[in-house]
Amino acid sequence: MFKLMIAIAALAACANAATVCTTVYANADCTGDITTAKSCVSGSGGCGSVSDSCVLGFKITCAACFPGDAQVTLENGQSKAMSQVTVGDRVQVAANTFSDVYMFSHNIPKSKAEFVQIVTEQATVRLTEEHYLYVNGALAPAASVKVGDKVTLANGTSSTVTGVETTTAAGIFNPHTLHGDIVVD
């Protein structure tokens, strides 16, 4: 099983930095055409109870990173759910390379969020739209990935994207490693 290499943008100034985005839809139940481009703001503070809320056509999301059931590989070879990762864990960040988790910019187990599910010939990963990964040899947000793109796997090879869809999952987690990257699922 191959895993995807994900870049963690170490831009958060503090462990509880948050980015909240709003998208405006034509219908009050957040369906139909998007009438206003997504608008995001970043600042200090957690995402609190933000869980892909829809209020009168305004969809509010917390720009986090991974769902709680996403898996990482520890240096001892064991897999661990993202919801169980702690500061100090040594997680895989590249082929045969591990690094310490030193902080979380999001650690919200009781929330739900919308994730982009990227399926390749060899792996699947779920992450938020704004989260970066290696696509066609460069860093790109998950929302920009399309079928036919090449994403970088944990072993350094690339794999062709065969599907991209949106899914909802429990938990919002974003561990940061000293290396800067993390291998997920």
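Bear in mind that the values here come from a model prediction, so they are computed numbers and not experimental data. Along the sequence shown, residues carry numbers from 1.
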Residue list, side-chain hydrogen bond (donor to acceptor under 3.5 Å, both in side chains) with [X], at least two apart or on another chain:
{"X": "N107", "answer": "none"}
{"X": "E75", "answer": "R90"}
{"X": "N96", "answer": "none"}

Test applied, side chain to side chain contact (heavy atoms under 4.5 Å, CB included); reference residue, N174; option that passes from M82, H106, M103: H106

I'd like a table of donor-acceptor pairs (distance under 3.5 Å, sequence neighbours excluded) in which one partner is a side-chain atom from residues 142-149, with atom names and distances.
| unit_1 | atom_1 | unit_2 | atom_2 | d |
| --- | --- | --- | --- | --- |
| S144 | OG | P141 | O | 2.7 |
| D149 | OD1 | N136 | ND2 | 3.1 |
| D149 | OD2 | K146 | N | 2.9 |

Any donor-acceptor N/O pair, N155 side chain to T157 backbone, under 3.5 Å: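 Judged by distance alone, yes, a pair lies under 3.5 Å.
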
Just so I know, are the side chains of [X] and [Y] near enough to count as touching, which here means a heavy-atom distance under 4.5 Å?
{"X": "Y134", "Y": "L139", "value": "yes"}
{"X": "P175", "Y": "I182", "value": "yes"}
{"X": "F66", "Y": "D185", "value": "no"}
{"X": "V184", "Y": "L127", "value": "no"}
{"X": "Q92", "Y": "V72", "value": "no"}
{"X": "T73", "Y": "V183", "value": "no"}

Contacts of type side-chain contact (heavy atoms from CB on, under 4.5 Å), residue S83, not counting sequence neighbours: A81, F173

When rounded to the nearest 0.5 angstrom, what is the spacing between [atom1] in [X] and [atom2] in [Y]?
{"X": "Q122", "Y": "S159", "atom1": "CD", "atom2": "OG", "answer": "4.0 Å"}
{"X": "D181", "Y": "T97", "atom1": "CG", "atom2": "OG1", "answer": "10.0 Å"}
{"X": "I172", "Y": "F115", "atom1": "CD1", "atom2": "CZ", "answer": "6.0 Å"}

Partner residues of K80 under the salt bridge (Lys or Arg N to Asp or Glu O under 4.0 Å) criterion, sequence neighbours left out: D89

Common cluster, V119/V116, ILVMFWY with side-chain heavy-atom separation under 4.5 Å: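 No, no single cluster joins them.
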
F98-L178 co-clustered via ILVMFWY side chain contacts under 4.5 Å: no

Listed once per pair and sorted, the salt bridge (Lys or Arg N to Asp or Glu O under 4.0 Å) pairs that draw on residues 151-179, sequence neighbours left out: none

Inter- and intrachain pairs under salt bridge (Lys or Arg N to Asp or Glu O under 4.0 Å), touching residues 119-128, at least two apart: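 Only D69-R126 qualify under salt bridge (Lys or Arg N to Asp or Glu O under 4.0 Å).
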
